[in-house]
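Just so we're on the same page: letters track the sequence lines, and every chain starts at 1. These numbers come from the heavy atoms of this one structure, side chains and all, not from hydrogens, waters or symmetry mates.
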Number of protein chains: 2
Amino acid sequence: MIQQFMKDSQQHNTILDLAAALNLSPATVSRALNNTSYVKKETKERVLEMALKLGYRKNKMAAGLRNNKTNTIGLILPKISMYFHAEVVTVVQNLLHAKGYNLIIGQSNDDPGMEKELAETFFSSRVDAIIVSCTLETEDFSPFDIFSTHQIPILFYDRVPPETYRARVIKGDDFNGGFLAGKHLVEAGCKHIGMINGPMTSNIYEARAAGFIAALRMLQGKEEPKLFFQQQLQAEETREALKKMFKGKSKPDGLFVTSDRNAVTVLQYAKENGIKIPQELRLVGYSNDPVTAVVSPSITTIDQYPALFGEKLVATLMEMIESPPTDEYQPAVITPVSLIERESA
Amino acid sequence: MIQQFMKDSQQHNTILDLAAALNLSPATVSRALNNTSYVKKETKERVLEMALKLGYRKNKMAAGLRNNKTNTIGLILPKISMYFHAEVVTVVQNLLHAKGYNLIIGQSNDDPGMEKELAETFFSSRVDAIIVSCTLETEDFSPFDIFSTHQIPILFYDRVPPETYRARVIKGDDFNGGFLAGKHLVEAGCKHIGMINGPMTSNIYEARAAGFIAALRMLQGKEEPKLFFQQQLQAEETREALKKMFKGKSKPDGLFVTSDRNAVTVLQYAKENGIKIPQELRLVGYSNDPVTAVVSPSITTIDQYPALFGEKLVATLMEMIESPPTDEYQPAVITPVSLIERESA
DNA sequence: TTGAAAGCGTTACCAC
DNA sequence: GTGGTAACGCTTTCAA
């Protein structure tokens, strides 16, 4: 009876197949499947039962084409293996899944060219919205213009464009993170405080540095911290920076390293060179990567609450998707940070 | 001139718009855009130029619907923040992107229910193929049957179904990994060797245990290692296991912990309880998570070469997508592992 | 070398 | 409550 309506197993059953098997119109079947408008209770049950029997699954592409809505969100980030990003992605994906959304993830590998390609691809896939954390070097944000011009919600997070590029933004309180680090080192009695930072082209490193310097100025009365290095956050460069710092006579006794991975590198360098942490050098990292808790000495660091961050991200995104687009200025959402005190400082 | 063909900026330009603007048929435009069949060189250039001018981007859904090919691959894994998986995903995504494929990632959070849901969703999205690393508890693999019955390539990796479930598989050499760990501990002179393992419902832990036991039998002549615990890989349970192990009089002097995160937990437990590593207890972990290199003492572990793993994964998948489906038995692809010797053993 | 037209699977409008 | 049908944007046969 039913077999006769089944196609070759490799074929996909469609609404038309269901309709034929039930002597109904495709319209009614669609209504029954989607709970839209009224369908006789009995009819609905028959449809659902048959759908199960024939192993029917909606073709999302067809639905997407018709509805101009894909229930897919694109997410572009530099590297998924970074602790903060991995945590955020996990939360975002779980929350979106619960709301019936699919997530497409693209890694730019910190390459602006790749970032642009991903933006194009996601646009072609007609994502309903897009979430972006930029590369360290993104200076041209025009590849993202297509989204705003087509009224597709775009939300930047963590590494975001400058305010001059009008866009919705959610980011951690990097200024405060830097400030807390500086304050902690000053209050620990450090006199020669240095910093190893990421490239200033990225808002997060710029803000962490600003907060850090503000703390030193305010609490230490110093005009400008002397031992101050910027670099790409590679282990080799960190070692170079350390070599320079410890060559002179006024060695640092406190160091703020704006990424935990690099803070670990500092730890290793110190061990290799007989520098005692925290006795001779106090150290503060950034992100509360679990690794900071298990090295010894454990590393004092700044927690960014990635789970909370992810929740706010999704809440903001949903608001953007559901509410009609507005030209009103929307201030950046800032999520909290706090200092986690451990052995290194 | 051109403006008159532009729609409201929020609308998407289509092939019809291009065709109208150029006085061509949509067919020709499509051919020009896709390099399919011959189009006069000049026509093609005009099309491409206009596409650029109007900011045309192909609607992938429409193309997918028509072609029955989405250029999208689904990937289901337990948790993206695990080192091995993060690395594999990165490689897989980069390689697939280079080949023009999109990747949809879904995290099951080690929940078989979620895993099933993701499989359904990806099927609905009509992915061209699917890659799966199962949850620790997946025992019913039938949610994946839809893919094989519809001739959609499915490739399991790392945590895979038993051989009785006929499917293409690629996995690390877990047996050998276990063997290497056992051998290393025996050769280091350990007499009371124990193991802390994950749940035996998962093939990876089952194989690591088998290899480990084989090594002890072969090299130590022991019938059965005595200090042997299985558990879910949570820190608390690891501590429980350790407490039991070190309560009795015959304490272990060598320990194989089948996950690096737990090996770190062992390290901390040892520190807290004054057990000297490696003098009193030699320790071997699994995965070569970067954390094992930076804790002290650094942890001897088994490297799984995730980058190589990812390459083989993509190569196998491409072969499955491109070659006609076959019923021939395809043996599992096994990727190499090796022991990384560090301070802990 | 190009055009006309059908069709992929779904949904929503308009009838009845 | 339900059915008929057009339309979403693209590609591909068939014809010219």
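Between B/Asn67 and B/Pro26, the residue whose closest nucleotide on DNA chain C is further toward the 5' end is B/Pro26.
In terms of modelled atom types and a separation under 3.5 Å, the side chain of A/Gln107 and the main chain of A/Ile80 share a donor-acceptor contact.
Following rounding to the nearest Å, A/Ile15 (CD1) and C/dT11 (C1') show an atom-to-atom distance of 8 Å. Atoms CD (B/Glu45) and P (C/dT1) sit 13 Å apart, rounded to a whole Å. Protein atom CG of B/Asn23 is 13 Å distant from nucleotide atom C1' of C/dT2, rounded to whole Å. The CG-P distance, from A/Leu16 to C/dC8, rounds to 9 Å in whole Å. Rounded to whole angstrom, the span from the CG atom of A/Asn68 across to the P atom of C/dG9 amounts to 20 Å. Rounded to an integer number of Å, the gap from CZ of B/Arg57 to P of D/dG9 is 16 Å. Here the P atom of nucleotide C/dT11 and the CG atom of B/Leu65 are 12 Å apart, to the nearest Å. As a whole-Å value, the separation of B/Tyr56 OH from D/dC10 C1' is 7 Å.
For A/Arg66, counting side-chain heavy atoms from C-beta on, the closest listed nucleotide (D/dT5, C/dG3, C/dG9) is C/dG9. Of the candidates D/dG9, C/dG9, D/dG3, D/dG9 carries the atom nearest the B/Asn59 side chain, counting heavy atoms from C-beta on. Picking from C/dT11, D/dC10, D/dT12 the nucleotide with the shortest atom distance to the side chain of B/Ala27 gives D/dT12.
Between C/dT11 and A/Lys58, a contact under 4.0 Å exists linking OP1 or OP2 to a side-chain N or O.
Not a single ring pair (Phe, Tyr, Trp, His ring centres under 6.0 Å) links B/Tyr101 to another residue, sequence neighbours left out.
Between B/His85 and B/Phe309, the distance separating the two ring centers is not shorter than 6.0 angstrom.
More than 12 heavy atoms of other shown residues, nucleotides or ligands fall within 6.0 angstrom of atom NZ in A/Lys79. Around the NZ atom of B/Lys69, the shell of radius 6.0 Å holds more than 12 heavy atoms that belong to other residues, nucleotides or ligands. Heavy-atom neighbours of B/Tyr329 OH from other residues, nucleotides or ligands within 6.0 Å: above the threshold of 12. At most 12 heavy atoms of other shown residues, nucleotides or ligands fall within 6.0 angstrom of atom CD in A/Glu163.
DNA chain C is contacted by A/Ser30, A/Arg31, A/Asn34 of residues 28-43 of chain A, taking any non-hydrogen atom closer than 4.0 Å.
A perpendicular orientation is assigned to the rings of B/Phe147 and B/Phe123, their planes being inclined by more than 60° (bins at 30° and 60°). Ring-plane geometry between B/Phe156 and B/Phe144 is classed as perpendicular, the angle between the planes exceeding 60 degrees on a 0 to 90 degree scale with a lower cut at 30.
Within the helix from C/dT1-D/dA16 to C/dC16-D/dG1, the inter-axis angle between the opening and closing five-pair segments is 40°, rounded to 10°.
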